[in-house]
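Structure provided below as structure tokens; questions to follow.
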Amino acid sequence: MAAMDDCLFCRIVAGDVPGEIVHTTERTVAFRDINGQAPLHVLVVPRDHYANAAELATGDPETSAELVRSAHAVAAADGYDDYRLVFNTGAGAGQRVFHTHLHVIAGRELSWPPG
Ligand code: AMP
Ligand code: ZN
């Protein structure tokens, strides 16, 4: 699937917009959230553009799994056994960037249910 010129995360993947990249694989890129909500807050994205997690899981299941493996690697690299993974899907659930991204959040007490 082609990169989209007007997609912020496609542009970070392409290197056209700077991102603090912490981990990469053949299919994924992980970079720090610009507005981190915890000591560790990283977004893991597929290199290819998919609007949300379900579209990625349908269109490219192997990359969908790789997002989770990458997220685990990011947390483990910083020494975190406990972490939260979040896919916001749809504006009503808080999705603001419509290139799917897996939030990896760790390093503080995380309450439940989320806000
Ligand atoms: P969501 O609300 O789930 O769509 O998450 C989008 C996330 O992208 C938010 O947590 C933002 O802080 C983050 N974000 C927005 N712009 C950038 C950027 N240029 N670099 C890194 N993270 C960003
Ligand atoms: Zn994109």
Side-chain angles (χ1 to χ4, degrees):
M1 199 167 292
M4 306 225 316
D5 288 346
D6 59 350
C7 170
L8 174 62
F9 289 173
C10 281
R11 297 184 72 200
I12 289 177
V13 168
D16 296 337
V17 169
E20 195 182 337
I21 292 171
V22 296
H23 186 268
T24 61
T25 68
E26 197 179 319
R27 301 184 179 88
T28 70
V29 176
F31 50 89
R32 291 197 195 283
D33 194 295
I34 205 166
N35 184 26
Q37 299 299 313
L40 178 70
H41 188 169
V42 164
L43 306 174
V44 190
V45 308
R47 290 182 185 272
D48 291 342
H49 183 91
Y50 289 89
N52 59 50
E55 287 191 11
L56 175 65
T58 300
D60 188 350
E62 178 51 33
T63 297
S64 186
E66 192 156 308
L67 285 192
V68 177
R69 290 192 293 268
S70 294
H72 178 80
V74 165
D78 277 10
Y80 296 116
D81 294 325
D82 300 346
Y83 53 86
R84 181 168 292 172
L85 303 183
V86 175
F87 283 116
N88 293 323
T89 300
Q95 188 175 7
R96 298 290 176 262
V97 178
F98 288 83
H99 177 133
T100 193
H101 47 282
L102 180 54
H103 292 260
V104 188
I105 299 165
R108 66 169 169 80
E109 207 59 42
L110 295 167
S111 60
W112 193 264

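Computed from heavy atoms alone, side chains included, the values below leave out hydrogens, waters and symmetry copies. Note that the numbering runs from 1 along the sequence shown for the chain. Whatever order the structure lists them in is the order used to number ligands and atoms, beginning at 1.
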Non-hydrogen atom of G19 closer than 4.0 Å to ligand 1: no
Main-chain N/O of A91 paired to R96 side chain as donor or acceptor, under 3.5 Å: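 Yes; at least one donor-acceptor contact below 3.5 Å.
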A106 to Y83 - nearest heavy-atom pair and separation: CB-CB, 3.8 Å
N or O pair under 3.5 Å between I34 and ligand 1: yes
Per atom 3 (O) of ligand 1, closest listed option by heavy atom (H103, R96, E20): H103
Q37 heavy atom under 4.0 Å from ligand 1: no
Nearest protein heavy atom with distance in Å, relative to atom 1 (P) of ligand 1: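 Looking only at protein heavy atoms, the one closest to atom 1 (P) of ligand 1 is H101 NE2, 3.1 Å.
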More than 12 heavy atoms of other groups within 6.0 Å of E62 CD: yes
V17, portion touching ligand 1 at heavy-atom distance under 4.0 Å: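 Looking at V17 and ligand 1, no heavy atom falls under 4.0 Å.
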Those atoms of ligand 1 less than 4.0 Å from some heavy atom in F31: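 Near F31, meaning under 4.0 Å from one of its heavy atoms, ligand 1 has 21 (C).
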Residue selection (non-hydrogen contact nearest atom 7 (C) of ligand 1) among V97, D33, V86: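 Among V97, D33, V86, the closest heavy atom to atom 7 (C) of ligand 1 belongs to D33.
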Aromatic contact, H101 with H103 (centres under 6.0 Å):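 Close enough - the centres of the two rings lie under 6.0 Å apart.
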Under 3.5 Å: donor-acceptor pair, side chain of R47, backbone of V13: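 No; judged by distance alone, with no hydrogens or angles, the pair does not exist.
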Sub-4.0 Å atoms of ligand 1 with respect to non-hydrogen atoms of N35: 12 (O)
Atom indices of ligand 1, in the order listed, that fall short of 4.0 Å to a heavy atom of L8: 16 (N), 17 (C), 19 (N)
Subset of ligand 1 atoms that lie under 4.0 Å from at least one heavy atom of F9: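 Checking each atom against F9, I get 8 (O).
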Side chain D78, main chain Y80, donor-acceptor under 3.5 Å: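 Not confirmed, D78 side chain does not pair with Y80 backbone.
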